[in-house]
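One structure is given below, encoded as structure tokens.
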Amino acid sequence: MEQPPEPRFLDDRPAYWAEHKPDDEAISYLGRSWTWAQWYDRIRRCAGALAERGIGRGDVVSFLDKNHPACVETTLAAVSRGAATAIINFRLAGDEIDHVLNDSGAKLLIIGAEFAGGIEKIRDRLTHVEHIITVTPEGTDGDEYEAMLAAATPRGRSPEVTPDDVCVIMYSSGTTGNPKGIRLTQANLIAHTVNVGMFEFDADDKNMVAMPLFHVGGSSYAQFGIHAGIPSLMTREVDGASLAGALLAGATRTFLVPAVLGKVMEMGPDAIKLFNQLRTFVYGASPMPPALLRTALTEFPNTDFVQVYGLTEVCGAVTQLSPEAHRDA
């Protein structure tokens with residue numbers, strides 16, 4: 001297969017893979033999976049649905065749920081309208097959620113069904129939200145998001161969209177006040193994906209996306225599998241059962257926080273054996289205890305460990321400690 005051209009827009013790569021390998025797996029989630037052709041059709045239908053609801057260049061849509069492919073689909077659809085997606089931390093309290101939604105200026109909210117009740121309690125405080133669409137983990141009957149896609153007419157990129165349009169808004173922890181919105185453009189995310197170079201995917205790789213998508217370590221990391229055209233295995237939670245399920249489904253690369261590695265080590269030989277199939281274990285977002293790392297390097301002799309440091313304002317990783325440095329006595 002020929003080398004894909006460098007992307008200019010965030011939805012260039014899914015469009016390319018949908019054309020060049022339409023029947024290959026693109027993403028799987030909770031027992032559902034979509035080929036590149038199917039997934040790109042969903043993105044284009046989502047773009048049509050956003051247009052039908054008045055979302056255009058400079059507008060903001062928001063997403064509030066645990067990990068779900070709909071978050072990535074919405075982001076890729078919104079960029080083709082010149083709109084941004086504010087990805088909201090589902091762990092925030094009600095007064096923090098209304099601040100984030102109002103601060104971002106979101107006109108449309110896609111919300112996980114399990115969080116919809118909380119939104120109803122603050123609905124009268126949401127000054128910009130015109131549409132609320134619920135989404136369920138399984139996509140079964142009554143899922144408003146799935147019904148929205150099914151009824152929508154697919155739509156391509158608007159001609160006025162530029163790579164410098166803001167595409168994602170993520171909110172900082174707000175240590176000294178309210179959470180603060182960090183605006184990232186299409187060009188920002190693409191530059192991060194192309195240049196960070198934590199590892200190179202092999203043709204038979206599968207990328208496990210487990211970090212929360214409201215965190216830059218989730219949404220930015222998700223772009224690597226999409227860019228490379230290899231399957232992404234998305235988990236809804238970062239728990240042992242979810243991670244084990246993704247590994248049993250063939251996951252070979254991932255990014256997680258050190259605490260997860262600690263839990264794996266505590267789970268014993270079976271868990272360690274399962275995680276041994278990982279070719280690359282990228283970690284960051286908090287300190288790695290040296291004793292834990294030394295144990296992991298012994299227990300996972302064939303796994304490349306990569307430590308990254310970064311921040312939301314630069315889309316994720318800015319420095320990394322290589323696998324070779326980890327194995328240097």
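Position 1 is the first residue of the sequence; numbering continues from there.
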**Worked verdict on I119 versus I122 for side-chain contact (heavy atoms from CB on, under 4.5 Å)** = CA-CA 5 Å; I119 284 295; I122 61 171; 4.1 Å; yes
**Prompt:** How about R53 and E130: do any of their side-chain heavy atoms sit closer than 4.5 Å?
**Reply:** no
**Item:** Polar side-chain atom of T298 near backbone of R294 as donor-acceptor pair, under 3.5 Å
**Value:** yes
**Item:** Donor-acceptor contact present, side-chain T127 to main-chain N102, <3.5 Å
**Value:** no
**Asked** Do any N or O atoms from the side chain of Y29 and from the backbone of N67 form a donor-acceptor pair under 3.5 angstrom?
**Response** yes
**Prompt:** Does T235 offer a backbone N or O that forms a donor-acceptor pair with the side chain of S242 under 3.5 Å?
**Reply:** no
**Request:** Spell out, yes or no, whether M198 and L297 are grouped together once hydrophobic residues are joined by side-chain heavy atoms under 4.5 Å, including indirect joins.
**Result:** yes
**Request:** Over 60° means perpendicular and under 30° means parallel, so classify the ring planes of F224 and F199, tilted if in between.
**Result:** tilted
**Message:** Could you check whether Y16 and H227 have their ring centres less than 6.0 Å apart?
**Reply:** no
**Request:** Show your reasoning for whether side-chain contact (heavy atoms from CB on, under 4.5 Å) applies to R81 and R155.
**Result:** CA-CA 9 Å; R81 302 289 306 145; R155 186 177 293 233; 3.7 Å; yes
**Request:** Kindly indicate whether the side chain of T35, heavy atoms from C-beta on, has any atom under 4.5 Å from the side chain of D24.
**Result:** no
**Request:** Evaluate the criterion side-chain contact (heavy atoms from CB on, under 4.5 Å) for residue pair R13 and Q223; output intermediate values, then yes/no.
**Result:** CA-CA 10 Å; R13 280 300 168 90; Q223 291 297 321; over 6 Å; no
**Item:** Residue among F281, Y221, Y283 satisfying side chain to side chain contact (heavy atoms under 4.5 Å, CB included) with L256
**Value:** F281
**Message:** Looking at R32, I'd like to know if its CZ atom is crowded, meaning that more than 12 non-hydrogen atoms belonging to other residues, nucleotides or ligands lie closer than 6.0 Å.
**Reply:** yes
**Asked** What closest approach, in Å, do Y171 and I169 show between heavy atoms, and which atom pair accounts for it?
**Response** CE1-CG2, 3.6 Å
**Prompt:** Is there a salt bridge (Lys or Arg N to Asp or Glu O under 4.0 Å) between D98 and K121 once you walk through the steps?
**Reply:** CA-CA 10 Å; D98 69 22; K121 295 177 182 178; over 6 Å; no
**Prompt:** Do D41 and R45 meet the salt-bridge criterion of a basic N to acidic O distance under 4.0 Å?
**Reply:** yes
**Message:** Restricting to non-hydrogen atoms, name the atom on S62 and the atom on L101 that form the minimum distance, rounded to 0.1 Å.
**Reply:** OG-CD2, 3.3 Å
**Request:** Hey, could you give me the CG/CG distance between L213 and D65, rounded to the nearest 0.5 Å?
**Result:** 9.5 Å
**S80 side chain near R44 side chain, heavy-atom distance below 4.5 Å** = yes
**Prompt:** Any idea how F115 and F90 line up, ring-wise: parallel (<30°), tilted (30 to 60°), or perpendicular (>60°)?
**Reply:** tilted
**Asked** Going by side-chain heavy atoms closer than 4.5 Å, which hydrophobic residues are tied to V161, directly or by a chain of links?
**Response** F9
**Asked** So, do I190 and T193 sit near enough that their side-chain heavy atoms are less than 4.5 Å apart?
**Response** no
**Asked** Just checking, is any N or O donor in the side chain of D205 or T252 under 3.5 Å from an acceptor N or O on the other one?
**Response** yes
**Prompt:** So does D270 have more than 12 non-hydrogen atoms from other groups sitting under 6.0 Å from CG?
**Reply:** no
**Asked** Should V194 and V79 be regarded as members of a common hydrophobic cluster, given that ILVMFWY residues are connected when their side-chain heavy atoms come within less than 4.5 Å of each other, either directly or indirectly?
**Response** yes
**Fill in**
Output for pair (L292 CG, M288 CE), nearest 0.5 Å, gives 5.0 Å
**Prompt:** Just wondering, do L189 and S220 contact through their side chains at under 4.5 Å, heavy atoms?
**Reply:** yes
**Donor-acceptor contact below 3.5 Å, side chain Q320 vs main chain V196** = yes
**Asked** Heavy atoms, side chains only, cut-off 4.5 Å: are T153 and E52 in contact?
**Response** yes
**Complete:** Closest non-hydrogen contact found for V308 with A317 is CB-CB, 3.8 Å
**Request:** Return the set of residues passing side-chain hydrogen bond (donor to acceptor under 3.5 Å, both in side chains) with E144 (not counting sequence neighbours), or none when no residue passes.
**Result:** T134
**Prompt:** Does any N or O in the side chain of D59 come within less than 3.5 Å of the main-chain N or O of A83, such that one atom is a donor and the other an acceptor?
**Reply:** no
**Asked** Parallel, tilted or perpendicular: which describes the rings of F300 and F275, with under 30° parallel and over 60° perpendicular?
**Response** perpendicular
**Request:** Without swapping roles, check the side chain of T140 against the backbone of T136 for a donor-acceptor pair under 3.5 Å.
**Result:** no
**Message:** Strictly below 4.0 Å, N to O, side chains only: are E96 and K180 in salt-bridge contact?
**Reply:** no
**Prompt:** To the nearest 0.5 Å, how far apart are NE2 in H68 and CD1 in I111?
**Reply:** 13.0 Å
**Request:** Show which residues join I55 in its hydrophobic cluster (side-chain heavy-atom contacts under 4.5 Å, direct or indirect), or state none.
**Result:** L50, V61, F63, L108, I110, I133, V135, Y145, M148, L149
**Item:** Atom of G48, atom of A152 and distance for their closest heavy-atom approach
**Value:** C-CB, 4.4 Å
**Message:** For A249, is there any backbone N or O sitting under 3.5 Å from a side-chain donor or acceptor partner on K206?
**Reply:** yes
**Prompt:** If you round to the nearest 0.5 Å, how far is OG1 of T85 from CE of M170?
**Reply:** 10.0 Å
**Item:** Interatomic spacing from OG1 in T185 to CG in D164 - rounded to 0.5 Å
**Value:** 5.5 Å
**Prompt:** Are the side chain of H215 and the backbone N or O of M211 linked by a donor-acceptor pair below 3.5 Å?
**Reply:** no
**Asked** Is the shortest heavy-atom distance from the side chain of P301 to the side chain of N276 under 4.5 Å?
**Response** yes
**Prompt:** At their closest point, which heavy atom of I27 faces which heavy atom of M234, and how far apart are they?
**Reply:** CD1-CE, 4.2 Å
**Asked** So do S158 and R57 actually touch side chain to side chain, heavy atoms under 4.5 Å?
**Response** no
**Request:** Check whether more than 12 heavy atoms from other residues, nucleotides or ligands sit under 6.0 Å from atom NZ of K66, and answer yes or no.
**Result:** yes
**Item:** From L233 atom CG to L247 atom CG, the distance as rounded to the nearest 0.5 Å
**Value:** 9.0 Å
**Message:** Taking CZ in R183 as the centre, count heavy atoms belonging to other residues, nucleotides or ligands within less than 6.0 Å. Is the count above 12?
**Reply:** no
**Request:** Please confirm whether the backbone N or O of I226 pairs with a side-chain atom of W17, one donor and one acceptor, at under 3.5 Å?
**Result:** yes
**Request:** Examine L92 and L64 and state if one hydrophobic cluster contains both, with Ile, Leu, Val, Met, Phe, Trp and Tyr joined whenever side-chain heavy atoms are less than 4.5 Å apart.
**Result:** yes
**Request:** Return the minimal non-hydrogen interatomic distance between D165 and T162, and the atom names on each side.
**Result:** OD2-N, 2.9 Å
**Prompt:** Is E73 salt-bridged to R42, going by a charged N under 4.0 Å from an acidic O?
**Reply:** yes
**Request:** Output, in order, the C-alpha distance, side-chain angles, deciding distance and verdict of side-chain contact (heavy atoms from CB on, under 4.5 Å) for R279 and D304.
**Result:** CA-CA 6 Å; R279 296 169 180 168; D304 284 340; over 6 Å; no
**Asked** Same cluster for L321 and V306 if Ile/Leu/Val/Met/Phe/Trp/Tyr side chains link at under 4.5 Å?
**Response** no
**Asked** Cluster question for you: counting only ILVMFWY and a side-chain heavy-atom cut-off of under 4.5 Å, with indirect links fine, are M267 and M208 together?
**Response** no
**Prompt:** Does atom CG of D95 have more than 12 heavy-atom neighbours from other groups under 6.0 Å away?
**Reply:** yes
